[in-house]
Asker: 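Take this structure first; my questions come after.
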Amino acid sequence: MNKFYITTAIPYANADPHIGHALEILYADIMARYKRLIGNDVYFLTGTDEHGQKMFKAAVEAGKSVEEFAAEKSAKYLELADSWNITNDDFIRTTEDRHMNAAQKFWEESLKNGNIYKKDYSGLYCVGCEAYKTEKDLVDGKCSDHGTVPEIIKEENYFFRLSAFQEPLEFLFEQNKTFVYPQSRYNEMHNILKFGLEDVSISRSKEKLSWGVPVPGDDSQVMYVWFDALTNYVTALGYGSTENELFQKFWPADAHVIGKEINRFHSLLWPAMLMSVNLELPKQIAVHGWITVNGQKMSKTIGNVIDPLKVIENHPLEAVRYFLAREIPFDNDGDFSEEKFKDRFNADLANGLGNLTNRILTMVEKYCGGVVPKTSTEDGELIGKLTDDVWPTYLEKMEEFDFVHALEATWKFVAFCDHMISDRQPWAMAKAGKQNELEDLLYHLCESLRHIALMIWPVMPETAEKIFVQLGLDVGKELGKSLNDLRQWVELTVGNRIIKGDALFPRLE
RNA sequence: CGCGGGGUAGAGCAACCCGGCAGCUCGCGAGGCCCAUAACCUCGAGGUUCUCGGUUCAAAUCCGAGCCCCGCAACCA
């Protein structure tokens, strides 16, 4: 059995989650569920990043201790995962001992290998921003936010020898053209790489900032948040501890799912860090886009930030999951609006899948006494469409995080079934007493419905289960089988009594 | 000239690499059907393919110039 280790980025817990966080964890969840469906042994990690200056500042502003503030915010991300029906196996917080100890091990190992060194760093420090500025950040030599001239400050920091990994990284990019996905993001990183990498400061003096992982063997410094945060992908598996079975089994990661804004850290710095301690590299950095709202970038000032917990209070979770997967392309930005949601809901879920399910099951009730009929002939059209066209496309697109087109392929098949019903007119068969022909068609339609349910399983698990139940199938028993078995035709148990339920997705007006 | 993506019916996209009647989904209009959630099926309306110029029998597609959006570069998913 193939293992598959997938992670999300760990959101910076200085603010509440918004719909973009939900999108990322949803993408990862769909992939995790898909991989389980095709029979992989999946480990799925998410969590929160809780160190650093901004975190400290946010806590002070909220009038709370950092520990308390971090715990509160982190809990919201955990709640997001739970309420969105996310199947993560673990949730790591960078303030946990298991992480901090292991992050220090990672540092020590890198230091031992000669990849961390101490250097005087002097820079333009703005007291107001509590941050270093570059010449480019300044307007007339002054900080654009505070209008003050920054001080030149000299500080001794630890540096990571990123430049030493220039060639190995180039080799990596040459060898693995899909290391960063999609192509446009790969190109961006490859370009940056061509310009050459410089060593990066990876510590801060404790005087300025105490909220971080202490640098091993140096009381005066704490780690720079990114150096600390990135290691979560290995520390959560038990790297550096005696209990490291998960690490042995699942590392390297098969996919780090991240947002486009942190691509550099994951595609350049993180692989270099791993090389510096002689660990294997992740197979792929999968970079997704952003959600815009009514065509606008989400921002606090515009006031259009969408709370993912509110969204699922107002709409069914399954429908929201479907909308995002179907409407927001992984490799690009996509738009969310109530209007688009409603359109998509009515067209695809109510009129499409929901109505098709309903009409097939009603006919089984009416014409076959509520029992799935047996087939006497093979219906080449539906079988052929599924095996030659729909399944291959679906599988190919799912593998590439292209949920938009995987679902599009599935829904084309929904339309195909609708078309077939209109074309064959089973109601006319009933009137004409062509019972064999009628039963044959309905059998194949029930079976088609089962295949559709399988395809939507990663995105709408509860709806898929409902369809299985309505078809009289035992969900637990069916999911014990491999997808290759499940994808066989004539698998649906003939003679099952169907259990027609309420409409899956009542139309929105 | 820092690097890159894009401008195609009301909306969202495809076709561009490798020129050959401009296609899909939603929405809109008309008809059909009656198994179904006013659903489903069929047909139709709607485009100077950002602008200007060039190559060609033929340009959304190739070439040149320009305009406009957007991403990365910089601790926002």
Side-chain angles (χ1 to χ4, degrees), chain A residues 8-12 14-15 17-28 49 51-55 77 131-134 136-137 182-192 194-195 224-226 229 257-265 287-292 295 297-300 305 308 326-327 329 331-335 337 339-340 342-344 346-367 404-405 408 411-412 414-415 417-430 438 441-442 445 502-509:
Chain A
T8 66
I10 46 175
Y12 200 58
N14 66 337
H18 61 234
I19 190 96
H21 297 101
L23 179 71
E24 176 166 311
I25 199 169
L26 173 64
Y27 280 147
D49 176 12
H51 285 124
Q53 191 168 50
K54 276 171 90 171
M55 199 61 203
Y77 288 88
Y132 283 101
K133 298 279 170 179
T134 64
K136 274 188 188 168
D137 296 328
Q183 187 71 43
S184 55
R185 301 293 166 199
Y186 170 97
N187 292 343
E188 257 173 35
M189 291 306 117
H190 201 191
N191 246 313
I192 292 173
K194 282 179 194 157
F195 280 92
Y224 170 53
V225 266
W226 270 108
V257 178
I258 63 162
K260 63 189 182 181
E261 74 291 341
I262 53 175
N263 193 0
R264 292 190 113 197
F265 297 100
V287 188
H288 63 79
W290 281 5
I291 295 184
T292 56
K297 192 166 168 171
M298 246 195 299
S299 91
K300 282 183 188 158
V305 175
R326 178 70 182 83
E327 195 81 20
D331 61 357
N332 220 324
D333 290 356
D335 193 49
S337 72
E339 202 189 338
K340 283 195 173 106
K342 196 179 126 184
D343 286 351
R344 191 52 87 178
N346 281 338
D348 291 5
L349 299 180
N351 300 351
L353 179 61
N355 184 56
L356 178 67
T357 304
N358 195 15
R359 70 195 297 211
I360 292 173
L361 291 175
T362 300
M363 287 191 281
V364 172
E365 261 183 357
K366 267 192 180 167
Y367 305 138
V404 167
H405 291 104
E408 185 188 68
W411 256 261
K412 273 187 177 160
V414 169
C417 291
D418 269 328
H419 179 92
M420 171 142 296
I421 295 172
S422 294
D423 203 42
R424 297 281 191 86
Q425 305 183 8
W427 52 91
M429 294 176 185
L438 176 61
L441 174 63
L442 286 179
L445 286 168
D502 294 335
L504 294 173
F505 301 100
R507 253 183 91 83
L508 299 174
E509 293 311 323

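This is a predicted model, so every value here is computed, not measured. Within every chain, numbering begins at 1; the chains are lettered A, B, ... in the order of the sequence lines, protein sequences first and strands thereafter.
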Asker: What nucleotide, of B:C40, B:C35, B:A73, holds the atom closest to the side chain of A:Thr362?
Answerer: B:C35
Asker: Where the side chain of A:Ile421 is defined as all heavy atoms beyond and including C-beta, which of B:A74, B:C35, B:U25 is the nearest nucleotide?
Answerer: B:C35
Asker: Taking only side-chain nitrogens and oxygens of A:Arg424, does any of them come within less than 4.0 Å of OP1 or OP2 of B:C41?
Answerer: no
Asker: Check the phosphate of B:A39 against A:Arg507, side-chain N and O only, distance under 4.0 Å to OP1 or OP2. Yes or no?
Answerer: yes
Asker: For B:U8 and B:A77, measure between their P atoms and round to the nearest Å.
Answerer: 31 Å
Asker: To the nearest 0.5 Å, what is the distance between CD1 (A:Ile421) and CZ (A:Arg359)?
Answerer: 4.0 Å
Asker: List every contact pair, protein side and nucleotides 3-9 of chain B side both N or O, where the distance is under 3.5 Å.
Answerer:
| unit_1 | atom_1 | unit_2 | atom_2 | d |
| --- | --- | --- | --- | --- |
| B:C3 | O2' | A:Asn191 | ND2 | 2.6 |

Asker: Salt bridge or not between A:Arg185 and A:Glu188? Use side-chain N to carboxylate O under 4.0 Å.
Answerer: yes
Asker: Let's see if you can work this out: which of B:C35, B:U42, B:U37 has an atom nearest to the side-chain heavy atoms of A:His419?
Answerer: B:U42
Asker: Would you mind telling me which of B:C40, B:A77, B:U37 lies closest to the side-chain atoms of A:Ala503?
Answerer: B:U37
Asker: Closest approach to the side chain of A:Glu24, judged atom by atom: which nucleotide of B:C72, B:A77, B:A36 is it?
Answerer: B:A77
Asker: Walk me through whether A:His21 and A:Thr8 qualify under side chain to side chain contact (heavy atoms under 4.5 Å, CB included).
Answerer: CA-CA 9 Å; A:His21 297 101; A:Thr8 66; over 6 Å; no
Asker: Let's see if you can work this out: which of B:U37, B:C72, B:C40 has an atom nearest to the side-chain heavy atoms of A:Asp418?
Answerer: B:C40
Asker: Taking the same atom, C1', in B:C70 and in B:U56, what whole-Å distance lies between them?
Answerer: 34 Å
Asker: Is it the case that B:A77 (base atoms only) and A:His18 (side chain only) share a donor and an acceptor within less than 3.5 Å, ignoring hydrogens and angles?
Answerer: yes
Asker: Say you pick atom C1' in B:C21 and the same atom in B:U37; how far apart are they, in whole Å?
Answerer: 40 Å
Asker: Let's see if you can work this out: which of B:A77, B:G71, B:A36 has an atom nearest to the side-chain heavy atoms of A:Trp290?
Answerer: B:A77
Asker: B:C26, OP1 or OP2 - any side-chain N/O from A:Lys342 closer than 4.0 Å?
Answerer: no
Asker: Is any NZ, NE, NH1 or NH2 atom of the basic residue among A:Glu327 and A:Lys340 found under 4.0 Å from an Asp or Glu carboxylate oxygen of the other?
Answerer: no
Asker: What I want to check is whether an N or O donor and acceptor connect the side chain of A:Asn355 with the base of B:A36 at under 3.5 Å.
Answerer: yes
